[in-house]
Structure formats: structure tokens, C-alpha cells
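Residue numbers count from 1 along this sequence. The basis for the numbers below is simple: all heavy atoms, side chains too, and nothing from hydrogens, waters or symmetry mates.
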Amino acid sequence: MEAAFAELPLALFTTLAPMGAGAFIALALAFFTTTFTDDQVKKIDRMTLIPLVVVLVGFAASFFHLASPLHAAGVFAGIGSSPLSNEILVGSLFVVLALVYVILALAGKLSGAARKGLVAVVAVAAAVFACFTGMAYMMETIASWNSPLVVVQLLGFALLGGMPLGTLVLGLAGALPDALKGSFKTAGIVVAAAGAVLAIGGFCVQVMGVGGMENALVSGADLVADVTIYLAVAVASLVLAAAGTVAALLGKSPVAMAGFGAVMAVIGIFVARLVFYAVQLSVVLGF
């Protein structure tokens, strides 16, 4: 796992940024399924700073991966041809949209219809950002990463991690009981379940696939064997994240269980990302 910890900044980025983005998907579901009072809306808007900060912390962590943060603007030079540049572009667009939404919401400038329209755009941008984050790793020179399953698991992480975080925002704002009276509960459970399937399924199948690869110096089977315990920790944590989220949506100590689900999601996604980097297998040396 030594090689994985060398990618710690990227592990933090790919844990926090998609998860924070996914919370906006959960909030979009809430606003489309529930009619909140003006006071509840104001409190939700203040609490929405939480997922926004999570996203920004994730982006801040990614800068530490660069040899010189001053060269960060250089990544935009490859837009259209570089998956990494495309990821940063889409991620930057998402951040701008999320900032605009939060600023307008806090300023009280969003009517009901405008809020739904803008939060829907932010939610779609969040899902697209998660997918592009996965696509940034699909490169022919690294066989263990060159799989659409990487995109699948990143989208799953955004949904599975974002749902409890978004639910926690509603809970801290005192608006969750009303949301759970309507279809938000069912929609949230569907999103959390879908996220769990995509995250756990995509992650496990992708990692297990590495076991059948090798190059001139490294056996994929050995790489997978070295991370088996960490893989189990990641899967267990992700399952607990889903369970906590479902419990919260069913009204069982909702704030506490949403918080538990969010914490388990952070742990599960972070460990999964470390495993992902630990099983990196290049094709440069040939098979």
C-alpha cells in the first residue's frame, strides 16, 4: 500500500469532491419532492455550505498532487484531448454552478421555480463530474485502470456518499421530518441502493479483474492479495453507509443515522480509492 499513500492527495480529492457533489443530487430530490416552509428553506441553504465545503476541500487536496501548484492552470491546455484536463474543466464548471446556487440561495434570490431549475442543473453537473473523474483514469498505459468500471464506481461513490450527506443537511436544518413524509424517502432509498450497487460492484469487479493481469515485473494476483484486507474494509464500510442512509430515510434516528452513513461513506470511499491506487499495473513493460 506504500504506492497508494503516495497518491494520498488524489485519494482525498476523489473521495470528497464526488461525495460533496452527490449531496446536491440528494438536495435536488428533496426540493422536487417536498414543499418546505420559507424558514426551512433558509436553514437548508445555510446547511448547504457543508457539502460545498466538502467539495472545495477535495479540490484543494488535489493541488498537493502537483509538483508545483502554480502550474495548475497548465492542465487546461489539454482540454478535448486529455481526460485529466476534461475532468478539471467539468469539475470547475460544477464548482462554479454550485457556488452560484449557494450564493443566490443564501441571498434569497431564488424563487421556487428558479430554485428547482438551478438545483436540477447543479445535480446533473454533479453526476457528469463524477463520471468525468472516473474517465480521467481510463488510459491505455495502465491496464488496471483502463475500464469503464472506474466510471461506474465513481458515479456510485457520488450517489452513495452524497445521499447521507444531503440527508444530514436536511436533518440539521430541521426539514427532514417533512421530507420523509413524501416521496423523498422512496427516491432517496432508490438512489442510495443504486449507488451501493454501482460503487461496490464496480469497485470489486475492477479490482478482481487486476488479478488476471501481469507485466514483466509485477503480478496482478500479488497486488490483489496484498490489498484483500483493505478491500474488505472498504466494502464493509460502504455497506454500512448504505444501511445507515436507509435507516435515516426510514425515520430511525434520522440525523444520527445520516451522520453515521456519511462517516462510513467517507471511510469506505477513501479506503477503496487507496486500494485502487495500490493495484495500479502498467503495460509499459509489456505483458
Side-chain angles (χ1 to χ4, degrees), residues 7 9-32 48-66 72-73 75-76 78-105 117-139 145 147-166 169 191-192 194-196 198-199 202-203 206 262 265-266 268-270 272-273 276:
E7 305 290 350
L10 288 181
L12 288 171
F13 167 65
T14 53
T15 295
L16 298 177
M19 181 173 172
F24 285 89
I25 297 176
L27 291 174
L29 288 177
F31 282 114
F32 273 92
T48 302
L49 288 170
I50 295 174
L52 180 62
V53 169
V54 171
V55 170
L56 294 178
V57 170
F59 270 87
S62 69
F63 281 89
F64 290 95
H65 181 70
L66 299 173
V75 300
F76 291 101
I79 292 175
S81 60
S82 167
L84 175 60
S85 296
N86 294 339
E87 173 201 7
I88 298 301
L89 174 62
V90 173
S92 298
L93 290 175
F94 163 73
V95 170
V96 170
L97 287 170
L99 281 170
V100 169
Y101 169 75
V102 172
I103 291 172
L104 291 178
L118 186 51
V119 77
V121 171
V122 175
V124 171
V128 173
F129 164 53
C131 291
F132 269 78
T133 300
M135 290 169 61
Y137 289 94
M138 293 177 61
M139 53 190 77
W145 293 356
S147 167
L149 290 172
V150 180
V151 178
V152 169
Q153 62 189 265
L154 261 296
L155 178 59
F157 292 154
L159 297 177
L160 179 57
M163 198 64 226
L165 185 57
V169 166
V191 169
L198 294 175
F203 168 62
Q206 182 256 324
V266 171
I269 297 171
F270 180 67
R273 295 308 296 159
F276 176 83

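Between Phe24 and Phe94, the angle of the ring planes goes over 60°, which puts this pair in the perpendicular group of the 30/60° scheme. Ring pair Phe203/Phe157 is tilted by interplanar angle, where 30° to 60° counts as tilted.
The minimum heavy-atom distance between Thr48 and Val169, with the atom names listed, is N-CG1, 4.0 Å. Among all heavy-atom pairs drawn from Leu160 and Ala265, the shortest one is O-CB, 4.4 Å. Among all heavy-atom pairs drawn from Ala130 and Ala158, the shortest one is CB-CB, 3.8 Å. Contact detail for Val150 and Trp145: the closest heavy-atom pair is CG2-O, 3.3 Å. Considering all non-hydrogen atoms of both residues, Leu154 and Pro18 come closest at CD1-CG, 4.0 Å. Smallest separation of non-hydrogen atoms from Leu149 and Gly202: CB-O, 3.9 Å.
To the nearest 0.5 Å, atom CG of residue Leu12 and atom CD1 of residue Ile269 are 12.0 Å apart. Taking CG of Leu155 as the start and CD1 of Ile25 as the end, the distance is 7.0 Å to the nearest 0.5 Å. Here the straight-line distance linking atom CE of Met163 with atom CG of Leu27 works out to 8.5 Å at 0.5 Å rounding.
Proximity of Tyr137 to Leu10: side-chain heavy atoms (C-beta onward) are separated by under 4.5 Å at one or more points. Residues Gln206 and Phe276 have side chains in contact (heavy-atom distance under 4.5 Å, counting atoms from C-beta outward).
Looking at residues two or more places apart in sequence or on another chain, you find no ring-ring contact (aromatic ring centres under 6.0 Å, His included) involving Tyr101.
A cation-pi arrangement is absent between Arg273 and Phe270 under the rule of less than 6.0 angstrom and at most 45 degrees off the ring axis.
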